Peer 1: 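Structure incoming, see below.
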2 protein chains.
Amino acid sequence: MTALIKENTKLFKTLSDPNRLRILKMLQTKSLCVCEITDILNLATSTVSKHLSILRDTGFIIEEKDGKWVNYMINPRPSDKRISSILSTLDFWISDDNLIISDKQKIQKVDRITVCSKF
Amino acid sequence: MTALIKENTKLFKTLSDPNRLRILKMLQTKSLCVCEITDILNLATSTVSKHLSILRDTGFIIEEKDGKWVNYMINPRPSDKRISSILSTLDFWISDDNLIISDKQKIQKVDRITVCSKF
DNA sequence: ATTTCACTTCGTTATATAACGAAATATATA
DNA sequence: TATATATTTCGTTATATAACGAAGTGAAAT
């Protein structure tokens with residue numbers, strides 16, 4: 001199997017996981033750090049970190065260091081036109097269900113200081 | 001995890017396999033039976049049959065019985081608008097590589113009687 | 001300097017998927 | 001009716017992926 005055809009599947013593999021779709025939808029509402037996403041998805045930190053690295057490697061999201069936090073956000077200028085296309089029409093590809101709607105509601109309330117630290 | 005978010009991933013899971021992408025590309029050139037696809041992909045018949053059932057279940061392709069053969073073809077009227085969208089812009093999503101180009105060349109030459117039967 | 005905190009990486013385990021050959025099914029031919 | 005052919009289904013095995021906790025990394029606070 002040549003390299004290019006696998007490269008073609010990479011985009012779709014990235015979109016094949018429910019939690020990654022949820023993350024994409026969440027980040028379209030608001031930039032978030034790892035612990036905020038972890039809190040909403042209710043997964044281990046390491047699991048979320050892995051999902052984020054996959055989304056980043058494929059080009060869907062970018063990261064920005066902010067002190068001890070790492071903020072993840074939708075990639076504003078993807079080099080792959082397919083990624084741009086998916087991102088600008090995400091609601092077409094991923095229809096909202098109750099879970100995604102409740103994710104959005106949680107994002108409004110989520111507070112980095114409360115969720116992530118013990119101050 | 002609710003049912004709908006998994007339904008959302010189903011489309012992408014189907015597109016996540018190199019051999020299924022090759023099959024889709026092939027069927028856009030020409031309707032083919034299982035043994036013709038098997039010959040080109042160089043896989044076991046049962047494996048190809050399984051890939052075809054996944055593509056059919058997701059709505060990308062349809063089948064048509066023709067005596068002892070089963071012809072598979074691109075679904076001309078998918079009920080899911082996302083499937084229609086992918087199918088009508090397949091070259092945008094899946095760029096041709098050498099493997100896909102050579103698949104197309106093989107399709108021109110492939111002959112059901114020669115490939116599939118021992119007459 | 002040391003500790004704390006947010007995150008990543010590593011190693012392991014459980015589950016999902018792809019592949020195969022054998023058996024079952026369905027259709028056509030002898 | 002019996003046999004051959006095309007395909008599907010089943011059972012198994014190998015590989016890929018997702019999840020976890022523990023260990024490691026780097027920045028901020030003490």
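Here is the naming used below: chain letters follow the sequence lines, and residue numbers restart at 1 for every chain. Predicted model, so just to flag it, every value in this text is computed and none were measured.
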Peer 1: Send over the distance from B/E36 CD to D/dT7 C1', rounded to a whole Å.
Peer 2: 14 Å
Peer 1: If you look at every strand shown and take non-hydrogen atoms under 4.0 Å, does A/K65 touch a base, only sugar-phosphate, or nothing?
Peer 2: nothing
Peer 1: Identify, between A/R20 and B/C33, the residue whose nearest nucleotide on DNA chain D lies closer to the 5' end.
Peer 2: B/C33
Peer 1: How many Å lie between CG on B/L43 and P on C/dG21, as a whole number?
Peer 2: 11 Å
Peer 1: Looking across every strand, which nucleic acid part, if any, lies under 4.0 Å from A/K50 by heavy atom: base, sugar-phosphate, or nothing?
Peer 2: nothing
Peer 1: Want to settle it: does A/A44 or B/V70 sit nearer the 5' end of DNA chain D, counting the closest nucleotide to each?
Peer 2: B/V70
Peer 1: Looking only at non-hydrogen atoms, find the nearest pair between A/P18 and A/S16 and report the distance.
Peer 2: CD-O, 3.9 Å
Peer 1: Summarise protein proximity over nucleotides 10-15 of chain D in one line of letters, 5' to 3': B for base, S for sugar-phosphate only, - for none, counting protein heavy atoms closer than 4.0 Å.
Peer 2: ------
Peer 1: Closest approach to the side chain of A/D17, judged atom by atom: which nucleotide of D/dT8, D/dA18, C/dA28 is it?
Peer 2: D/dA18
Peer 1: A/I54: which other cluster members, linking ILVMFWY side chains closer than 4.5 Å, directly or transitively?
Peer 2: none
Peer 1: Are A/F92 and B/W93 connected into the same hydrophobic cluster when the rule is that any two of I, L, V, M, F, W, Y join if their side-chain heavy atoms are below 4.5 Å apart?
Peer 2: yes
Peer 1: Among the candidates C/dC7, D/dA6, C/dA18, find the nucleotide nearest to the side-chain atoms of B/H51.
Peer 2: C/dA18
Peer 1: Let me know, please, whether B/K13 or B/V48 comes out on the 5' side of the other along DNA chain C by nearest nucleotide.
Peer 2: B/K13
Peer 1: A/R82 and A/E7: which non-hydrogen atoms are nearest, and at how many Å?
Peer 2: NH2-O, 4.1 Å
Peer 1: Provide, to the nearest angstrom, the distance between the CG atom belonging to B/L41 and the P atom belonging to C/dC20.
Peer 2: 10 Å
Peer 1: If you link ILVMFWY side chains whenever their heavy atoms are less than 4.5 Å apart, which other residues fall into the same cluster as B/M73? By chain and number, please.
Peer 2: B/I62
Peer 1: Where is the tightest heavy-atom contact between A/T9 and B/D17, given as atom of each residue plus distance?
Peer 2: CG2-C, 3.8 Å
